[in-house]
Amino acid sequence: MSFLDKYEMVCGVETHVEMATKTKIFCGCSTEFGGEQNTHVCPVCLGLPGVLPVLNKEVVNLAIKAGLALNCDIAEFSKFDRKNYFYPDLTKNYQTSQYDLPICKNGWLDVMVNGTMKRIGITRAHMEEDAGKLVHSGDTITTSNSSGVDYNRTGVPLLEIVSEPDMRSIDDVLAYLEELVQIMDYAGISDCKLEQGSVRFDINVSLRLKGTETFGTRTETKNLNSFSSVRRCLEYETERQADALDEGLEIIQETRTWDEGRGMTLSLRSKEEAHDYRYFPEPDLMPLVIDRDWVERIRATMPELPTAKRERLQALGLSAYDAGVITASKDMAFFFDQAMATCDDAKLLANWVMGDLSALLKTNGRTFADSPVSPAQLASLVMLIKKGDISGKIAKSVIEEIYSTGKDPETIVKEKGLAQISDAGELEKIIDGILAANEKSVADYKAGKEAALGFFVGQVMKATKGQANPGMVNKLLKEKLAQ
Amino acid sequence: MILLKSLEALHHMLIGKEISSVELTRTYLNHITVADPSVKAFLSVTADTALAQAADADRKIANGEKLGPLEGIPMAMKDNMCTSGIATTCGSKILKNFVPPYDATVTERLQAAGAVLAGKVNMDEFAMGSSTENSGYHPTANPWDLERVPGGSSGGSAACVAAREVPFALGSDTGGSIRQPAAFCGVVGLKPTYGLVSRYGLVAFASSLDQIGPLTTSVRDNAMVLNAIAGHDPKDSTSVPYATPDYTQFLENNVKGLKIGVPDEYFAAGLDPRVADVIKRAIKTFEDLGAIVESCSLPHTEYAMPAYYIIAPAECSSNLARYDGVRYGYRAETEDMITMFKRTREEGFGQEVKRRIMLGTYALSSGYYDAYYLKAQKVRTLIKQDFDNAFNQYDILLSPTTPTTAYTMGEKSDPLAMYMGDVYTIPVNLAGLPGISIPAGFIDGLPVGMQLISKHFGEGTLYRAAYTFEQNTTYHQEIPALVKEVC
Ligand SMILES: [Zn+2]
């Protein structure tokens, strides 16, 4: 019996998203990832004495856009606050963030969990600056002789999206996170490169006896940066809490950290030693007054979001599963839409996008964003199959040819003489010759050995180098053999 | 005597080639070497760069190029304004070796105006204090009486101007730090409207209150310096996009019909009756010149001090959190990191700074925020409303700048007693208004300052009133004995 038969998990997530602006939130330094340590810095983002922040308006634009995508209310009056804490990677020893008046509030996200739609509340989303990065000489801070700080990341704009504790299973959490990340990607809020740490999750989780209403004591595990870590962390942490509850122990409200190598969460600090952040309004920045025109101008630039795209693809005839696979990647969905402009068979196109082209790109380490096969070329290829000009099998070699040469499918088919033979007279002549040369097999077939048909099809294909229209070959063979 | 000349006169001497900028600069640098060992206004004298800047001005004169009004003229800056390549210590040991890699906006603007930086001057550490005794280096003396304090925290700026070591200096004013030392040293000090002068590069004490302003020996000089430093700065979000006028155009010897309010609350207990008499005579002067003077009320005045001593320390506790020895400034050498942080701050900061960091940290801490910080902000709003109401009736408000004249060094060992020295200047900062202190008389050879306050961006009105008073009195012509000796 699983502990989940006895307990129900309650989970909420705080997601930190690095926003895709070219420059930092309070200065003109580049936000580009990588780069030599401490090269994307200036007196402002280093917090030198006397410097002042100037808000990057593009950050506000993206925050409003994110709020609209998450069905939030966009505040008319918002402000920045200082969150005071002392830590070596924070230049000013306070972080400029938003406290009681965040820019986005009261939103929600509908996510599909195992075939059922579930609504997850979004409490708020607010803007803040990122901190620098500690670089230790050893593996960890405790085993290092020295530690340096790279301030390139300092001042990179973050959007912190706080969910309601509405998730009741690991599947809920992952569905929410995947949907959230997809939306941030589609709306262009962030490049969502999880492997570069541009999206980080803090997981709040507690257990309660099934059927009870009150929340149990929760723990917060900070800074997870992949879906698989979230899954493993939740598996570990819920089981740890269940074991403790079973033994009658009290869960301590605390901040924990996920040790990826050991596959476990570890205590970082308890509530007793929790920080008193001493928030107060940032006196160096004016309050942010957002008029409704500003919001409407941004609403007008909203791209189609994943849910709407999935619905539209299903209306074109794709299954919910296929629509889900295609929209899971913004680049793939964009490629599909572009190809659909010159294609009239969504299902067939989808198969080629998800199947052969995906595989081809993956083996070559490329993506749909930089696919050598253009959407128009794939659309023409699909149309050639649909019209019966080439067989699906031939098409597999054609797409490889497009990939390596960049030539259009029509050109390749013509140059290589790959067009399918659908001329009944021509095929009959070939079939007659094969039947005549294989009298024993003809006899076998007539004696009831149906497998012989496959042999004849194979022979025809061999004789035509695969170009014979398989449907017609089957039909003609059956007719001839019935005579 | 050159040291007593106005900026305008010096400018005419330069363009008339009566003196070169290098000669002028040398004259002041020499006077600094004579006077400063007793005044101790300077933390650093930048003779080499000053002479190089002066030579630039001379080249322009030689080439017949047009010279700006401050071009080629020496000046000093309070040591909390960043100067690229020149140490900026904020009067604190914790920034002893800090050489900023960038200029404050005021530095840039004065440089663009061609002013010659003679040096950086002393201050109470991080601008916290009212006597310049709280400098992390040494106290500065009042040029009128070397046993007395020059006031603070811009004591170095006021003293160096009073001692004629430079024709003008910049100070910063968070709760009276320009006006109070101006009063003690008998010079003209303006605290401009919050947002008129960029704070970029001014090492922050209390961000919502700090403002940079000029200290000079005359009202006209003051307006000329304000011309050079005022105006919107995209690098400071609190800088107001305000089209600044030429402030010298307000220098009109006429206050006829000007409505002056005198707040009753500023003449209450704690005011030296002799100071009150001086100010009453000044009021009489204004009346004689045709101004309409009435008494008025700013009912929430008594709450200004407590509100200020919540808000300013709260902001300071946050602004000073960055001085941890990690990236720049003083670092205590210790075995481990946490001890390094602690010892750096313990050894680097002085008493008064530590006191305010503690106060501010306490006022912002959870459970006390509503009772202290939030309440103080509400008081601040009430104080602003008091002024708004007053300015519905009056063009300017008039008061003493300080309750007493300069006291002797070490006299005010109780911090609360010292805080009371700013009782008339603090409300102006809380409301973000402009205020000016001008010489209004003497008591036993010590200057008395008169404060004039106007509504936001009312600097022109202040200058007009101050100029008229100056033109009809002689207090600003008095010179400290130590200057008389060299003249
Ligand atoms: Zn920067």
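Everything quoted here is computed from the prediction, not taken from an experiment. As a basis for the values below, the full set of heavy atoms in this structure was taken, side chains included, without hydrogen atoms, waters or symmetry mates.
- Contact between B/Phe98 and A/Pro49 at its shortest, heavy atoms only, is CZ-CD, 3.5 Å.
- Here the CZ atom belonging to A/Phe86 is positioned 7.0 Å from the CD1 atom belonging to B/Ile338, to the nearest 0.5 angstrom.
- Put simply, of B/Ala204, B/Pro101, B/Gly329, B/Gly201, the one with the most heavy-atom pairs under 4.5 Å next to chain A is B/Gly201.
- No part of B/Leu374 comes within reach of chain A, as not one of its non-hydrogen atoms sits under 4.5 angstrom from that chain.
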Heavy-atom donor-acceptor pairs under 3.5 Å, chain A with chain B:
residue  : atom : partner  : partner atom : Å
A/Gly47  : O    : B/Arg322 : NH1          : 3.0
A/Leu48  : O    : B/Arg322 : NH1          : 3.3
A/Pro49  : O    : B/Tyr102 : OH           : 2.1
A/Gly50  : O    : B/Gly201 : N            : 2.7
A/Pro53  : O    : B/Ser237 : OG           : 2.9
A/Arg82  : NH1  : B/Ser318 : OG           : 2.8
A/Arg82  : NH1  : B/Asn319 : OD1          : 2.9
A/Arg82  : NH2  : B/Asn319 : OD1          : 3.1
A/Asn84  : OD1  : B/Ser318 : OG           : 3.0
A/Thr91  : O    : B/Arg327 : NH2          : 2.7
A/Asn93  : ND2  : B/Ala321 : O            : 2.6
A/Asn93  : ND2  : B/Asp324 : OD2          : 3.0
A/Tyr94  : OH   : B/Arg322 : NH2          : 3.2
A/Tyr151 : OH   : B/Arg327 : NH1          : 3.2
A/Asp276 : OD1  : B/Ser366 : N            : 3.4
A/Asp276 : OD2  : B/Ser366 : N            : 2.8
A/Asp284 : OD1  : B/Arg199 : NH1          : 3.2
A/Asp284 : OD1  : B/Arg199 : NH2          : 3.0
A/Asp284 : OD1  : B/Ser207 : OG           : 3.4

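- Sorted by first and then second residue, the pairs that involve residues 17-50 of chain A and meet ring pair (Phe, Tyr, Trp, His ring centres under 6.0 Å), not counting sequence neighbours, are A/Phe26-A/Phe80.
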